[in-house]
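Lettering follows sequence order; numbering is per chain, from 1.
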Protein chains: 2
Amino acid sequence: MNADKVLDVAMTAYWQSDPADVSVNAICQMAGISKPSLYREFGSEDGLKRAVLDSYAEQVLSDVFMIVISGNGLQETLAALVDFAAADPRMETGCLFYKMRAGKHRLGPETLARVEDIDATARSAYVALLQAARDSGEWQGGLPVEAGASYLGEQIALAITQRASGEEPARVREMLTLALSVFTRR
Amino acid sequence: MNADKVLDVAMTAYWQSDPADVSVNAICQMAGISKPSLYREFGSEDGLKRAVLDSYAEQVLSDVFMIVISGNGLQETLAALVDFAAADPRMETGCLFYKMRAGKHRLGPETLARVEDIDATARSAYVALLQAARDSGEWQGGLPVEAGASYLGEQIALAITQRASGEEPARVREMLTLALSVFTRR
DNA sequence: TCATTTTATTACCATGTGGTATTTTATGCC
DNA sequence: GGCATAAAATACCACATGGTAATAAAATGA
């Protein structure tokens, strides 16, 4: 019955609009299947969303994860992150993960757990990045690594969210670069 | 019939939860009135939300507006803004205006127009603040005033939104201070 | 006091939601 | 072919939403 197509359609819809604004009915219609078929495959709306998020994580988030754990220097990594957030065409309508996270309270338990899992993974990747930079002396100053990691993560989320709301990429880049300039020793 | 009480109840509900998650039914119940009464007074859900936003603007936003146009120096003004965002008890559950702005697409035309109006007002206040700082030489560097104003506004919004999502005030302050440190000549 | 107008309530409508019992259609298998 | 089995769709459920027509209650004026 083509579960992959349903996943694709749902991901596109959730991603381009907002997970809270796309109904199961709409997805069935777009995918050209009936509701019971969808429910037999995914169990519930929560199950669908979790499956979509899984798919999104391995199709999209894995790329940015690679950037963070690349092992290149901090400045180079930050530059790559800025490029991704401000220029990658996939982020034109925002990041599905951030959209879900922003609407946490509207998610079912499965999807919520996955969101928090991804959040924790991302955070620890940021921590590792900054810790390495500190160890190597590339990043100095008294700011705790954990605080820097939170900051970094939130700034990237903000930049991508701004892009989703129609802000011009050039301006987004400008602001994100400014925000991340705190990691540059001047 | 007590329109003020309805406004109060609705504001509290919208503010503490989210404008998109509070139904007209729920507000009527909480305010102890019937639905037609509410509709005679406010016309529509959109009208209610706009009235609530008006009330919020004069009760709460006016305070932060005062801070921005105080005419004190940039550093002092930023410090006051950080205090407001990170420590004012009224921002414990976030800012109603930012919540509405984040869910723009779910708003009716009246409320949306008001949101955009407030947004523009805030932006021009930030521009004026930074322009004055530049003129007086307190803020140097090549960053355009408009870009700085966008950045400032978004950082404050981010900080308050983080508070709403349960982040500890101390951490919010830390991150916002870090973000705004770009305005400090070092 | 009685009629008129204003205010509030009850009871309802159409629509959309997530989810499912029931029936139809297709798919092996002998 | 004929029959069991799995997969699909139709038609429905209960519930909640924003919004309103019909109606009762209360205030107001003469």
Side-chain angles (χ1 to χ4, degrees), chain A residues 1-54 96 99-100 103-115, chain B residues 1-54 96 99-100 103-115:
Chain A
M1 77 127 231
N2 226 342
D4 286 349
K5 181 189 172 184
V6 177
L7 268 179
D8 259 29
V9 163
M11 185 165 100
T12 303
Y14 285 150
W15 191 355
Q16 196 203 316
S17 160
D18 188 302
D21 295 330
V22 180
S23 70
V24 178
N25 290 316
I27 288 171
C28 289
Q29 200 164 335
M30 291 183 287
I33 64 166
S34 70
K35 230 176 339 171
S37 297
L38 188 150
Y39 275 86
R40 191 173 343 98
E41 189 69 32
F42 300 101
S44 64
E45 184 179 34
D46 187 28
L48 206 219
K49 280 186 179 158
R50 204 224 49 207
V52 167
L53 180 53
D54 283 345
L96 178 55
K99 287 185 178 187
M100 285 183 170
K104 260 186 178 183
H105 57 285
R106 283 182 265 247
L107 298 177
E110 287 186 38
T111 316
L112 178 59
R114 193 82 181 86
V115 162
Chain B
M1 81 124 229
N2 228 341
D4 286 350
K5 181 189 172 182
V6 177
L7 269 179
D8 260 28
V9 164
M11 185 165 100
T12 304
Y14 285 150
W15 192 354
Q16 194 201 319
S17 158
D18 189 303
D21 295 330
V22 179
S23 71
V24 177
N25 290 316
I27 288 172
C28 289
Q29 201 164 336
M30 291 185 285
I33 63 167
S34 69
K35 233 190 312 186
S37 297
L38 187 152
Y39 274 87
R40 193 174 342 102
E41 189 70 31
F42 300 101
S44 65
E45 184 178 33
D46 187 27
L48 206 216
K49 280 185 180 159
R50 205 224 48 208
V52 167
L53 181 52
D54 283 346
L96 177 54
K99 287 185 178 186
M100 284 184 171
K104 261 188 180 183
H105 57 284
R106 282 181 266 246
L107 298 177
E110 289 186 36
T111 315
L112 178 60
R114 193 83 181 85
V115 162

Between B:Lys99 (side chain) and B:Ala20 (backbone), is there a donor-acceptor pair under 3.5 Å? no
Extract all donor-acceptor atom pairs below 3.5 Å that involve side chains of residues 35-47 of chain B and protein atoms in other chains or at least two apart in sequence.
from: B:Lys35; atom 1: NZ; to: B:Asn25; atom 2: OD1; distance (Å): 3.0
from: B:Ser37; atom 1: OG; to: B:Ser34; atom 2: OG; distance (Å): 3.1
from: B:Ser44; atom 1: OG; to: B:Asp46; atom 2: N; distance (Å): 3.4
from: B:Ser44; atom 1: OG; to: B:Gly47; atom 2: N; distance (Å): 3.1
from: B:Asp46; atom 1: OD1; to: B:Thr111; atom 2: N; distance (Å): 3.0
from: B:Asp46; atom 1: OD1; to: B:Thr111; atom 2: OG1; distance (Å): 2.5
from: B:Asp46; atom 1: OD2; to: B:Glu110; atom 2: N; distance (Å): 2.8

Could you work out, with salt bridge (charged side-chain N to carboxylate O under 4.0 Å, His left out) as the rule, every residue matching B:Asp21, not counting sequence neighbours? A:Arg106
Can you list every salt bridge (charged side-chain N to carboxylate O under 4.0 Å, His left out) pair that touches residues 22-32 of chain B, not counting sequence neighbours? none
With sequence neighbours excluded, give me every ring-ring contact (aromatic ring centres under 6.0 Å, His included) pair touching residues 2-33 of chain A. A:Trp15-A:Tyr56
Where do B:Ile27 and B:Leu48 land on the side-chain contact (heavy atoms from CB on, under 4.5 Å) test, with the steps shown first? CA-CA 10 Å; B:Ile27 288 172; B:Leu48 206 216; 3.8 Å; yes
Contact boundaries on DNA chain D for chain B, cut-off under 4.0 Å to non-hydrogen atoms: D:dT17 to D:dA21
Along nucleotides 7-26 of chain C, 5' to 3', which nucleotides get a B, which get an S, and which get a -, given that the test is a protein heavy-atom distance under 4.0 Å? SBBB------SBBBB-----
For residues 4-12 of chain B, which side-chain donor-acceptor pairs fall under 3.5 Å, sequence neighbours excluded?
from: B:Thr12; atom 1: OG1; to: B:Asp8; atom 2: O; distance (Å): 2.9

